[in-house]
Structure formats: structure tokens, C-alpha cells
Amino acid sequence: MPPGRKRRAVYDAGSARQLPGVLVREEGGRAVRDRAVNEAYNTSGRMYDFMSRTYGRNSIDGRGMRLDSSVHFGVRYDNAFWNGSQMVYGDGDGRIFNRFTGCIDVVGHELAHGITQHEAGLRYQGQPGALNESFSDVFGSLLKQWVKKESAARADWLIGAGLFTRRIKAAGLRSMKAPGTAYDDPIIGRDPQPAHMKDYYEGDEDNGGVHINSGTPNHAFYLAAAAIGGYAWEKAGRVWYAALCDRLPPESSFSQAARVTAAVAGELFGRGGRVEQAVKNGWKQVGVTG
Ligand code: ASN
Ligand code: ZN
């Protein structure tokens, strides 16, 4: 494969909601005064490098797609998202949320949505939607671990550590190691994520709980990676990446993801071997498989 080249561009939406906004930094351009711009530029570059060096992937679509980001979207906007062709970041309201570009795993999460769109295309509803969310958390967390050179044992497995302001009682937005424990606060309430299928959310909110039920596959990944040990992106991450790219259809269920990741683990690291066993155990411990 020819070595890929990064092509980044960062736009300033200027507190409007019109995208992309004004171009403020392009590939190779110097740092600007605006922190959000530099964070979006630098961290999307880290994600590009991570995916390229660990999985041989050339950008979001695998074919060198431009990495476009808009910052300062809306006024005190409390979110970040992938809109189907670019990343978009709010500044946060400063009361509950800080800047969304400040968290490396949040940036990785949004970029990973682009990868999922170009690979498995997991439908953003119910179980495939929760898997879509979970893959974004997995690769967002792995980006952070890769940048910090952290083993599975050392990593915090939090998504969005530092995203909440100090007045909120929160370690982060989500915990892959202990879903349901990321926050507990009078203003924002309690982390609703289930670590186990017995607490599966069946309601209609959040596209059928895509950001809620993602806790369960997140935890399965964590358990597998922790059991395997070492750097999580090397084995568990490689298995999840191959499943996302080559095996999972848009309507995948959790049990399908369990079957496919176990099969891929066997193919990549030895049938019946310890990686396959760790993956199987992970899904079993969260109640997806019996
Ligand atoms: N930040 C959220 C996410 O990437 C935005 C959304 O609800 N899609 O999942
Ligand atoms: Zn997401």
C-alpha cells in the first residue's frame, strides 16, 4: 500500500451552525492562537497516524480522505459529532462541559464514526447503533492509550476524562472498565450505562439507547483486552478493527459481534488460542453469550 498522506483542514464556525465556516488552518500550516483549532488539528493528526501505523489504514475512508474539522460550532454547544463528512466541535457551556476538542478520546471517537460509516456501516439504532457507539469508544480510547503508550492494565478506560467542568462530580463521560460509574451528580444525574445484558435499556430515547447500551460491548472489549494484557491496540484492537472492516453487516446484533470477534481472534491469533478465549470470555461475562 502506498504510504498515505494526511490532509487536514480546520474551520472556525464562529459560533454559528453553518458548516464548515472559515478556513483557519490547513495541512502543514503553523499553529494559530486558538487552542480549539490546534487541538482539532493535532489530535485528528494523531488519529490518522494511529490508524495508519497500527492498522495500515489511510484515513477515514481508507483512501486518504480529507480530515476536516469545524470548531466553535454554535453558542456554548455541549457536544461534538461526525456529520457524515466532517467533525464538528462545540465549545461547551463552561458550566457542565469544557471544550470538546480538549479530549483526545472524544476526537478519536468522532473520527471513528467516519470509519464505521465507511466500513460496517452500522445502523445508528438499537443494537447496531450501540455497537457503532462502542466501536467509536474503543478506537477513541485506543488512540489515547497509543499516544500515552499505556498498557491495558495502566489505562483509565474512560471516555472524556476532563470533559466535565470541576463543578460536576464526574470522572468522565463513560467508563469502559466500569460502565455506569463515570458520573453521579445532582445536575447531570447518574451514568446510565449497563455493564451487563441484564440491565439492557429497552426504551426509545437516544435512538434506542445507543449511548447507553454501548456500555455492554465496551465492557466486553475492556475485559478481553485486560485478559490479553499488553497494549490493547495490538491484539484486541486489531480483532475489533478487522471485525468492523471485513465482517460485520449494518444490522449487526451484539451476539453477532461476539461470534465474529471470536472467529476473527482465532484467525488472527490462533484457533482456540488465548486471544480467542479472552474475547469469548469477555462477551460471556457481560451476558451477551451464554
Ligand atoms: N457526541 C455524540 C456522538 O458522537 C453525538 C451524537 O449523539 N451522535 O456519539
Ligand atoms: Zn458517538
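Since this is a predicted model, take the numbers as computed values, not measurements. Counting starts at 1 for both ligands and their atoms, in listed order.
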Distance under 4.0 Å to a non-hydrogen atom of [X]: what atoms of ligand 1 satisfy this?
X: His113; answer: 3 (C), 4 (O), 9 (O)
X: Glu133; answer: 3 (C), 9 (O)
X: His211; answer: 2 (C), 3 (C), 6 (C), 7 (O), 9 (O)
X: Asn79; answer: 1 (N), 2 (C), 5 (C)
X: His109; answer: 3 (C), 4 (O), 9 (O)

To which protein heavy atom is [atom] closest, and what is the distance rounded to 0.1 Å?
atom: atom 4 (O) of ligand 1; value: Glu110 OE1, 2.8 Å
atom: atom 5 (C) of ligand 1; value: Ala80 O, 3.4 Å
atom: atom 8 (N) of ligand 1; value: Tyr124 OH, 3.3 Å

[X]-[Y] side chain donor-acceptor pair, cut-off 3.5 Å:
X: Arg8; Y: Tyr48; answer: no
X: Thr101; Y: Glu39; answer: yes
X: Asn218; Y: Ser134; answer: yes

Would you kindly confirm whether Ile159 and Tyr124 end up in one hydrophobic cluster when ILVMFWY residues are joined by side chain heavy atoms under 4.5 Å apart?
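Looking at the clustering, Tyr124 is in a separate group from Ile159.
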Sub-6.0 Å ring centroid separation between Tyr55 and Phe50:
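When the ring centroids of Tyr55 and Phe50 are compared, they turn out to be within the sub-6.0 Å range.
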May I ask you to decide if the ring planes of His109 and His113 are parallel, tilted or perpendicular, using 30° and 60° as cut-offs?
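Perpendicular: the ring planes of His109 and His113 meet at over 60°.
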So for Phe100, does at least one of its heavy atoms come nearer than 4.0 angstrom to any atom of ligand 1?
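No, that is not the case, since the closest heavy atom of the residue is not under 4.0 Å from the ligand.
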Output yes when the distance from some N or O of ligand 1 to some N or O of Phe81 is under 3.5 Å, and no in every other case.
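Phe81 vs ligand 1: no N/O contact under 3.5 Å.
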Shortest non-hydrogen contact between Pro179 and Gly215, atoms and distance
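In terms of heavy atoms, the two residues are closest at CG-O, 3.4 Å.
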Can Arg238 and Glu234 be said to form a salt bridge (Lys or Arg N to Asp or Glu O under 4.0 Å), step by step?
CA-CA 6 Å; Arg238 180 169 294 281; Glu234 290 180 349; over 6 Å; no
Glu133 N/O/S atom closer than 2.8 Å to the Zn ion (ligand 2):
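Yes - counting backbone and side chain alike, Glu133 has an N, O or S atom under 2.8 Å.
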Minimum-distance N/O/S atom that His109 presents toward the Zn ion (ligand 2)
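Of the nitrogen, oxygen and sulfur atoms in His109, the Zn ion (ligand 2) lies nearest to NE2.
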